[in-house]
Every structure is written in C-alpha cells, then in structure tokens.
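Structure, as structure tokens:
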Amino acid sequence: MDRIRRLSRAQHEALAEIDREEQNAIELENLEADHLAAEEAYLRRKDRLLGHDVPTFYPEIDTARGLLARNVRRRQERFELLRVAVLTGRSLDPGSPTQLVLLPA
C-alpha cells in the first residue's frame, strides 16, 4: 500500500487511463460474446424451423469463441504489461533506456 502512495500523479493518471482503456476493451469483448450467443441461438432456431438436425455445437461459433478467448488473453497480458511498465517506470520497448525505477526493490 505504501508503494501505491509513492506513485507520482502522472503514474496515477496513466494507470487510470489504462484501466479506462481496458474497460472499453472488455465491453467490446462482452458485446462480441453476446453476438456469438445470439448467432448460435438464431442458427438453432433456424435449424429447428427448417426441420434440420440441430447440432450440439456449430463449428463456426466454436471457432469464433476460441478466437475471442485468445484475444481476451492477449488483452489481459497487454494491459498487465502496461501496468507493470507504469509502476516500474520502464518502457515496454526492451531496447530502450530504463527510466528511474520509482518502486524500491
């Protein structure tokens, strides 16, 4: 907790901006998940109405869900790296010079 108090105003603002950006990304992911659920429900209703066999899963929906899950993991990793960079005062570019580390070891 003491480390959080020692963060500069710029670090606090950067963390708040990262949180806002991540929340927007999460909202988009949730919309995409809702869209996939609606698409699956539509396909099931359509198959029932047409008298077709209703599969237990639709490959295209499962593929899309897998891609969404992969994007969620990437987003989580990206924002975690951003937070660590802000908290440590380091750049995300491994070749760039390191700023003064603001957190004591």
Side-chain angles (χ1 to χ4, degrees):
M1 200 60 177
D2 189 43
R3 287 181 175 182
I4 292 173
R5 287 189 201 112
R6 287 191 238 161
L7 295 177
S8 70
R9 180 176 177 88
Q11 285 174 305
H12 279 286
E13 290 171 358
L15 289 172
E17 182 59 33
I18 289 169
D19 288 344
R20 279 190 296 275
E21 187 179 337
E22 185 175 28
Q23 188 58 43
N24 290 337
I26 290 169
E27 288 177 22
L28 287 173
E29 292 163 359
N30 289 340
L31 286 172
E32 183 65 24
D34 290 346
H35 174 77
L36 290 172
E39 181 70 18
E40 183 178 34
Y42 165 78
L43 290 172
R44 288 186 186 288
R45 279 193 307 274
K46 182 181 87 167
D47 283 344
R48 277 191 208 106
L49 287 171
L50 295 174
H52 298 151
D53 288 333
V54 178
T56 55
F57 69 93
Y58 291 87
E60 63 273 19
I61 299 294
D62 283 352
T63 299
R65 284 187 175 130
L67 291 171
L68 180 59
R70 188 174 357 153
N71 287 337
V72 166
R73 284 188 301 277
R74 284 183 188 154
R75 185 236 339 128
Q76 290 169 336
E77 291 169 0
R78 177 177 166 257
F79 282 99
E80 196 59 36
L81 285 174
L82 288 171
R83 284 185 186 90
V84 168
V86 168
L87 290 171
T88 61
R90 292 191 174 109
S91 171
L92 286 176
D93 180 8
S96 70
T98 303
Q99 298 176 5
L100 174 64
V101 177
L102 299 175
L103 298 177

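What you see below is based on every heavy atom in this structure, not just the backbone, and it leaves out hydrogens, waters and symmetry mates.
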### Query
Asp53 and Pro55: which non-hydrogen atoms are nearest, and at how many Å?
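Shortest heavy-atom separation between Asp53 and Pro55 comes out as O-CD, 3.3 Å.
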### Val86 versus Gln11, closest heavy-atom pair with distance
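Result for this residue pair: O-NE2, 2.8 Å.
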From [X] [atom1] over to [Y] [atom2], what is the distance, rounded to the nearest 0.5 angstrom?
{"X": "Leu68", "Y": "Arg75", "atom1": "CG", "atom2": "CZ", "answer": "9.5 Å"}
{"X": "Leu31", "Y": "Leu36", "atom1": "CG", "atom2": "CG", "answer": "11.0 Å"}
{"X": "Phe79", "Y": "Gln23", "atom1": "CZ", "atom2": "CD", "answer": "10.0 Å"}
{"X": "Arg20", "Y": "Leu15", "atom1": "CZ", "atom2": "CG", "answer": "10.5 Å"}

### Query
Does Tyr42 belong to the same Ile/Leu/Val/Met/Phe/Trp/Tyr cluster as Phe57, with side-chain heavy atoms less than 4.5 Å apart forming each link?
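Different hydrophobic clusters.
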### Query
Quick one: does Arg44's side chain have a donor or acceptor within less than 3.5 Å of a partner on Glu39's backbone?
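Not a single qualifying donor-acceptor pair exists.
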### Query
Arg48 side chain to Leu43 main-chain N or O, any donor-acceptor pair under 3.5 Å?
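The answer is no, because no donor-acceptor pair under 3.5 Å joins these two groups.
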### Query
Taking it one step at a time, do Glu29 and Glu32 satisfy side-chain contact (heavy atoms from CB on, under 4.5 Å)?
CA-CA 5 Å; Glu29 292 163 359; Glu32 183 65 24; 5.6 Å; no
### Task
Identify whether the distance between the nearest side-chain nitrogen and carboxylate oxygen of Glu77 and Arg74 falls below 4.0 Å.
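No, no charged N to carboxylate O under 4.0 Å.
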### Task
Return yes when atom CG of Asp34 has more than 12 non-hydrogen atoms of other residues, nucleotides or ligands closer than 6.0 Å, and no otherwise.
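Count over threshold, so yes.
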### Query
Which residue pairs pass the salt bridge (Lys or Arg N to Asp or Glu O under 4.0 Å) test with at least one member in residues 56-68, sequence neighbours excluded?
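Pairs touching residues 56-68 that pass the test: Glu40-Arg65.
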### Test side chain to side chain contact (heavy atoms under 4.5 Å, CB included) applied to Glu22 and Glu80, Glu17, Arg78, Arg83, the passing residue
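Among the candidates, only Arg83 passes.
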